[in-house]
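All ligand and atom numbering here is 1-based and tracks the order in the structure.
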Amino acid sequence: MDLLTIYGQMGLSQAVYDRGEEVLERLTDRFRAIDQRAEVNQAKVLLAMQKNRIGANHFAATTGYGYDDDGRERLEKVYADVFHTQAALVRPQITCGTHALTVALSANLLPGDELLSPVGLPYDTLQEVIGIRPSPCSLAEYGVTYRQADLKPDGGFDYDAIRAAITPKTRLITIQRSKGYATRPSFSVQQIGELIAFCKEVKPDVKVMVDNCYGEFVDVIEPSDVGADMVVGSLIKNPGGGLAPIGGYICGTKECVDRCAYRLSAPGLGQEVGANLGILPAFYQGFFLAPTVVAGALKGAIFAANLYEGLGFRCVPNASEPRNDIIQAVELGSEAAMCAFCAGIQGAAPVDSFAAPVPGDMPGYDSQVIMAAGAFVQGSSIELSADGPIRPPYAVYFQGGLTWHHAKLGILLSLQKMVDKGLAVL
Ligand SMILES: *Cc1c(COP(=O)(O)O)cnc(C)c1O
């Protein structure tokens, strides 16, 4: 059976497919550059695994306290080597990205200290962690204050405001690499490096944490290569490679990571405890695959921006901008278009392809939200997924795709659903 016959059975027309091929012809150079970066990152991961002499014995399960878990310890050395840090904490006991960030913040801030975000408001879930929105057990409740310097209207760093916000109390600075669901640009590692250098010039003993969610392996350097004391992220995003079913990581200086380990388990215990429960093969193999998976997701994002921008929809980032994370926003202009788009992403999924996404209420949102995801791992956003709040400009944020070909099909089917409903014209 040829490709178009199979795609036809999934509802994809020749016209939409051909439009996609036209767009792809112009993307060969950009795709080549992505593959070159993936090759560098693959080499980094391989070298780290070889250097740490990973053997089949390191995949064994441990239970109970998990003392002397060599597989767990070597995985953390592999992460530390890839991120070029002294230490790493990589654990299934870290339940998600927000949890990893919470551990990193609460371990390295004491009562009386101040936290500074020099890049505006942090990601939604962190606002309760910090206490920007009051919440039980927030940092604010423990006497940690918070200050923020907003970005300039053009998305650049406001260095005067940042200098003014750094006080004798400032202990930790948090920088979010990806825009998340905000409208600001995502930052390149180089930009983050410039910001870190500035902050450390103003206050040499300040520590810097980077929320690295969605950014891992997009570039060939990471924020830890440009002065971050901690980089933090989720294993059901980029570095889990789609195989990790849970988990988070913190890579950084030994001083910071030790404190994180004491916070995660208990003072005195730290990294010595934490059974792996048989999860290590997925962590190792997922990390091994992650550079390729991220490359596929990046190709999908660039393909979507070029396809949709060509049809008159505003895309953030736009069709030609460089990429600093795997998230693509497309402004569709109406609820009906958001529903059609999400129906296409859902219809292309390997799991739950038969489900129909509909807008619904979500805690913490003042408008309804639509979500499309048919993932092997619940909530995994390195797998192809799309979501967005039902409000102007009716933007869907989509990301992921464990393989480029799946991302491509999802995007084509999203357009097909819009064309079928007369919401896009080829
Ligand atoms: C996803 C994300 C988080 C939180 O991760 P969860 O795993 O959803 O808790 C934090 N910051 C950014 C920028 C993210 O994209």
Side-chain angles (χ1 to χ4, degrees), residues 89-106 115 117-130 132-133 135 138-139 148 151 155 173-189 191-192 208-219 222-223 228 230-242 244-251 264 283 286 290 294 297-298 301 316-317 323-329 362-365 369 371 373 375 377-389 395-400:
L89 186 65
V90 186
R91 300 289 168 120
Q93 285 82 11
I94 299 177
T95 53
C96 61
T98 304
H99 187 194
L101 290 157
T102 302
V103 169
L105 291 171
S106 52
L115 171 69
S117 170
V119 295
L121 202 58
Y123 192 76
D124 289 58
T125 55
L126 283 190
Q127 295 172 19
E128 285 176 272
V129 173
I130 296 166
I132 300 170
R133 280 186 279 133
S135 174
S138 68
L139 290 170
Q148 178 176 314
L151 296 169
I173 289 179
T174 178
I175 300 172
Q176 186 180 310
R177 178 172 173 182
S178 167
K179 65 182 172 302
Y181 297 131
T183 46
R184 67 154 170 95
S186 297
F187 304 123
S188 68
V189 175
Q191 286 174 305
I192 290 171
V208 178
M209 179 193 87
V210 174
D211 175 351
N212 208 23
C213 283
Y214 287 130
E216 299 91 351
F217 297 132
V218 171
D219 201 340
E222 298 289 341
M230 287 184 283
V231 290
V232 183
S234 163
L235 297 198
I236 64 167
K237 293 179 180 171
N238 303 15
I246 191 170
Y249 77 89
I250 301 167
C251 294
L264 179 67
F283 279 17
V294 170
L298 277 172
V316 184
R323 301 278 150 164
N324 296 314
D325 61 27
I326 62 168
I327 300 176
Q328 180 64 52
M362 282 271 292
Y365 286 86
V369 175
M371 294 189 170
V377 172
Q378 272 182 43
S380 165
S381 46
I382 187 61
E383 299 187 50
L384 190 66
S385 48
D387 45 72
V396 291
Y397 295 81
F398 93 94
Q399 63 269 316

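- Between the NZ atom in K237 and the CG atom in N212 there is a gap of 10.5 Å [rounded to 0.5 Å].
- Among R177, Q176, K179, K237, the residue whose heavy atom lies nearest to atom 15 (O) of ligand 1 is K237.
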Working for side chain to side chain donor-acceptor pair (under 3.5 Å), residues S186 and Y214: CA-CA 10 Å; S186 297; Y214 287 130; over 6 Å; no
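- Nearest protein neighbour of atom 13 (C) of ligand 1, counting heavy atoms only, is D211 OD2, 3.5 Å.
- Between R177 and the choices E222, Q191, E216, the side chain to side chain donor-acceptor pair (under 3.5 Å) rule is met once, by E222.
- Between the side chains of S138 and E128, not a single donor N or O lies within less than 3.5 Å of an accepting N or O.
- The single protein non-hydrogen atom nearest to atom 4 (C) of ligand 1 is T98 OG1, 3.4 Å, given as residue, atom name and distance.
- Summary of contacts: the protein heavy atom closest to atom 7 (O) of ligand 1 is G97 N, 2.8 Å.
- Looking at I175, V208, V210 one by one, the single match for side chain to side chain contact (heavy atoms under 4.5 Å, CB included) with P223 turns out to be V210.
- Near Y214, meaning under 4.0 Å from any of its heavy atoms, are these atoms of ligand 1: 15 (O).
- Under a 4.0 angstrom heavy-atom cut-off, L101 registers as being in contact with ligand 1.
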